[in-house]
2 protein chains.
Amino acid sequence: MTGTKRTREGSGRVKLEAVASAANVSTATVSRVFNEPDKVSEAIRERVKEAARALNWIPNAAGRALASSRTHIAGAIIPTLDNEIFAHQIGGMQAVFSNAGFTLFLGCSNYDPLEGLRQAEAMLARGVEAIALVGENHPAELFAALKARDIPYVVTYSYSKLSEHPCIGFDNRAAFIRMTDHLLALGHRRFAGIFQPVANNDRVAARLAGVRDALAAADLAMADENLLVGPSTLEFGAESFSHLMTREREVRPTAIVCGNDNIALGALMAANALGLKAPTDFSITGFDDLAISSRFAPGLTTMKVDNQSIGTSAANQLLAVVTGRQAGPQSEEVAPVLQIRDSSGRWPQDRA
Amino acid sequence: MTGTKRTREGSGRVKLEAVASAANVSTATVSRVFNEPDKVSEAIRERVKEAARALNWIPNAAGRALASSRTHIAGAIIPTLDNEIFAHQIGGMQAVFSNAGFTLFLGCSNYDPLEGLRQAEAMLARGVEAIALVGENHPAELFAALKARDIPYVVTYSYSKLSEHPCIGFDNRAAFIRMTDHLLALGHRRFAGIFQPVANNDRVAARLAGVRDALAAADLAMADENLLVGPSTLEFGAESFSHLMTREREVRPTAIVCGNDNIALGALMAANALGLKAPTDFSITGFDDLAISSRFAPGLTTMKVDNQSIGTSAANQLLAVVTGRQAGPQSEEVAPVLQIRDSSGRWPQDRA
DNA sequence: CTGAAAGCGCTTACAG
DNA sequence: CTGAAAGCGCTTACAG
């Protein structure tokens, strides 16, 4: 029945309409003052701004989003904040987005691709305009959903010229080839590895492949019993080290490649406890260059990546697309820098 | 002129209306199937779900938010993700919220209250239903805005019975009284402190007050030149330690209270470099109980706080309010646990 | 430069 | 249990 009275709650907040009547203009004009100020005469512009300020009006983003299809929201999906690497990326992204008037949704998959998908879908439903994803290990549905809606995205921490996705990061395989070559050049021939789980983690898989490829190129291989895989904790690093290095000297590895610094630091702690010293008794390497790695005794040989700048680059690329300055996000390779310290040395050691 | 044709872009996405016609029901019914399923007969319910799935419909949150005044978005404002303490809180919150169908906005103030306010306002404009804030050091406007809109909030990491805000955390002052009392009981009388900046950080201010109050209760005081304030880095901890401990033995502090573990670990590294050993030559304490603190040599005496559970509690309290199960968030005190390790010992040392 | 009004995609009070 | 339609708070194509 037309004309029936309806009672709706509403938000109870000051709305644009109130500003319009206070300033004696139409709602269209108020909207323009904030979205296309050049199209409004200065006198009216000031009057409207004054009214908005006086009424303490905060625009309702839902109304705005519905009318304009723009939400000024971006999203990021990372595995976990427990790894400071990802925390730094998010910190970088957050700063850039916030500065551009974007608010950031954060999702953590805990290395479960389906959980990542679920959270990405929640973000899509809430209208994110762009999204950053760590790594390429996501369900095909996720990439399909992004493409179907034409939502710009970038993959971070993985980089490959051959990737079908725009990516900002480094070539994990190449980095670990470089690290392994460093140890080979020092004379090491018996290698061991202590790594995080490879499942659902394309970055770790690539790192391990790098070690294997570099060894194969030198006609070497890592013995199966020398590859230990487990959680990325100091504890696992320490246990693994003890396991590897309490065997007879003749069969022990001389070089231990760790999947990251945290594992390597745990191993170094176990070494201290066992009275084994690097680089005299063994060499060991990490990846990440945590703050503590350079100050630890011995200093840890590792590779440094500027994770925060991966985050800022990713955010800047996404903003460039969202604001129409660019057609699509551009890939960017960030080179990890090898930091050679006392934890790696010649083998056999020259004892002076 | 009524009846004029208008062309609007629209999102180009599948919308609820399409699901309704595919399932041969009204839009109201489709909405009910997902929001109040009990009100729809099972046959129709299944038909609608089937149609939604077939069309791959994802509800538009802006439309939903506008119509229902609910966004299913929560927000958190922290100082920085660079501190793993806050990263863990966010990790905990993210998991709980995501599980309840809420997506999380993340804002970082970098210890600037105005930046925190700015980001909180952006979240309010986007309709957050609840918000968590680290500490009480926020502009009065921020709390006023939350109250004016009736947005439930909790303060984290600070706890005080006297607080005018709901808070989930611990009493920083009491924790540092406890730590200082531990050192006093061991026989220490000459104290030094290495702390993060107090400005805009009510937690650090309370920690320092705790040290001072505990000393005053023992008729002691910390000499001005023994309090060093600077960035929360290993470097600052190391420099400060050297500065304090390269003076003559007669004037040096015997106990050094650090504002957190990171600073204390830096100090311990400098001690190793200088050939000074705890607890023989000095005692030192931290706060946080980082993963590395128990495994370091010597083990660091510190206090452990379950930061992740602060995050999950905060999220659960906010959800309870938002879903109407509770009128307001309840405060919760989380007790830090003193972890006594080898970095603190009797003074003067009994040398066996 | 400015305004009247349609429309964005949902929810929900009302009627049946 | 189901539907017709008003309404949430904005933006913007159109007209002037």
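Each chain gets a letter, A, B and so on, in the order the sequences are listed, and its residues count up from 1.
Atom pair B/Arg126:CZ and D/dG9:P shows a separation of 18 Å (rounding to whole Å applied). One atom, CD of B/Glu17, and another, C1' of C/dC10, lie 11 Å apart when rounded to the nearest Å. Whole-Å rounding puts the B/Leu16 CG to C/dC10 P distance at 5 Å. Atom NE2 of A/His72 is separated from atom C1' of D/dC10 by 12 Å (rounded to the nearest Å). Between the CG atom of B/Asn35 and the P atom of C/dC10 there is a distance of 11 Å, given to the nearest Å. In this structure, NZ of A/Lys15 is placed 14 Å from P of D/dT11, rounded to the nearest angstrom. If you measure from atom NZ of B/Lys39 to atom P of D/dT2, you get 13 Å, rounded to the nearest angstrom. Taking atom CH2 of A/Trp57 as the reference point, atom C1' of D/dG9 lies 9 Å away to the nearest angstrom.
Each of B/Thr27 and B/Ile44 has a nearest nucleotide on DNA chain D; the 5'-most of these lies closest to B/Ile44.
The P atoms of D/dC14 and D/dC10 are separated by 24 Å, rounded to the nearest whole Å. Using P as the reference atom, D/dA15 and D/dT11 are 22 Å apart when rounded to the nearest Å. If you take atom C1' in C/dG16 and the same atom in C/dT12, they sit 16 Å apart, rounded to whole Å.
Put simply, A/Arg64 has a side-chain N or O that comes within less than 4.0 Å of OP1 or OP2 on D/dT11.
Side-chain polar atoms of B/Arg70 and B/Ser68 form no donor-acceptor pair below 3.5 angstrom.
The nucleotide whose nearest atom lies closest to any side-chain atom of A/Arg32 is, among C/dC10, D/dT12, D/dC10, D/dT12. Distances were taken from every side-chain heavy atom of A/Ser41 (C-beta onward) to each of C/dC8, D/dA4, C/dC1; the shortest belongs to C/dC1. Listed candidates were C/dG9, C/dG3, D/dT12. Nearest to the side chain of A/Val25 is C/dG3. Side-chain proximity of A/Val40 to C/dG9, C/dT2, D/dA4: nearest is C/dT2. Looking at the side chain of B/Ser68, the nearest of the listed nucleotides D/dC10, D/dA4, C/dT11 is C/dT11. When the nucleotides C/dT11, C/dT12, D/dC8 are ranked by their closest atom to the side chain of B/Ala28, C/dT12 comes out on top. Listed nucleotides: D/dT2, C/dT2, C/dT11. Nearest to the side chain of B/Thr29: D/dT2. Out of C/dC10, D/dC10, D/dG3, the shortest distance to the side chain of A/Pro59 is found at D/dC10. Which of D/dT11, C/dA5, D/dG9 sits closest to the side chain of A/Asn60 comes down to D/dG9.
Atom-to-atom distance recorded for A/Glu121:CD and A/Met123:CE is 11.5 Å, nearest 0.5 angstrom. The CZ atom of A/Arg47 sits 9.0 Å away from the OG1 atom of A/Thr29 when rounded to the nearest 0.5 Å. How far CD of A/Glu129 is from CG of A/Leu124: 12.0 Å, rounded to the nearest 0.5 Å.
When atom types are taken as modelled, the side chain of A/Ser31 and the backbone of A/Thr27 share no donor-acceptor pair closer than 3.5 angstrom.
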Requested in this report: Give the dot-bracket string for DNA chain D, reading 5' to 3', where a pair is Watson-Crick or G-U wobble with both distances under 3.5 Å, ( ) marks pairs inside the strand, [ ] marks pairs crossing earlier ones, | marks a partner on another strand, and . marks unpaired.
Outcome: |||.||||||||.|||
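Of all heavy-atom pairs between A/Gly311 and A/Met93, the closest is O-CG, 3.2 Å.
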Using distance only, find each side-chain donor-acceptor pair of residues 15-25 of chain A under 3.5 Å and give its atom names and separation, not counting sequence neighbours.
{"residue": "A/Ser21", "atom": "OG", "partner": "A/Glu17", "partner atom": "O", "Å": "3.3"}
{"residue": "A/Ser21", "atom": "OG", "partner": "A/Ala18", "partner atom": "O", "Å": "3.4"}

Less than 3.5 Å apart, which donor and acceptor atoms pair up between the side chains of residues 136-148 of chain A and the rest of the protein, not counting sequence neighbours?
{"residue": "A/Glu136", "atom": "OE2", "partner": "A/Ser163", "partner atom": "OG", "Å": "2.6"}
{"residue": "A/His138", "atom": "NE2", "partner": "A/Val134", "partner atom": "O", "Å": "2.9"}
{"residue": "A/His138", "atom": "NE2", "partner": "A/Gly135", "partner atom": "O", "Å": "3.2"}

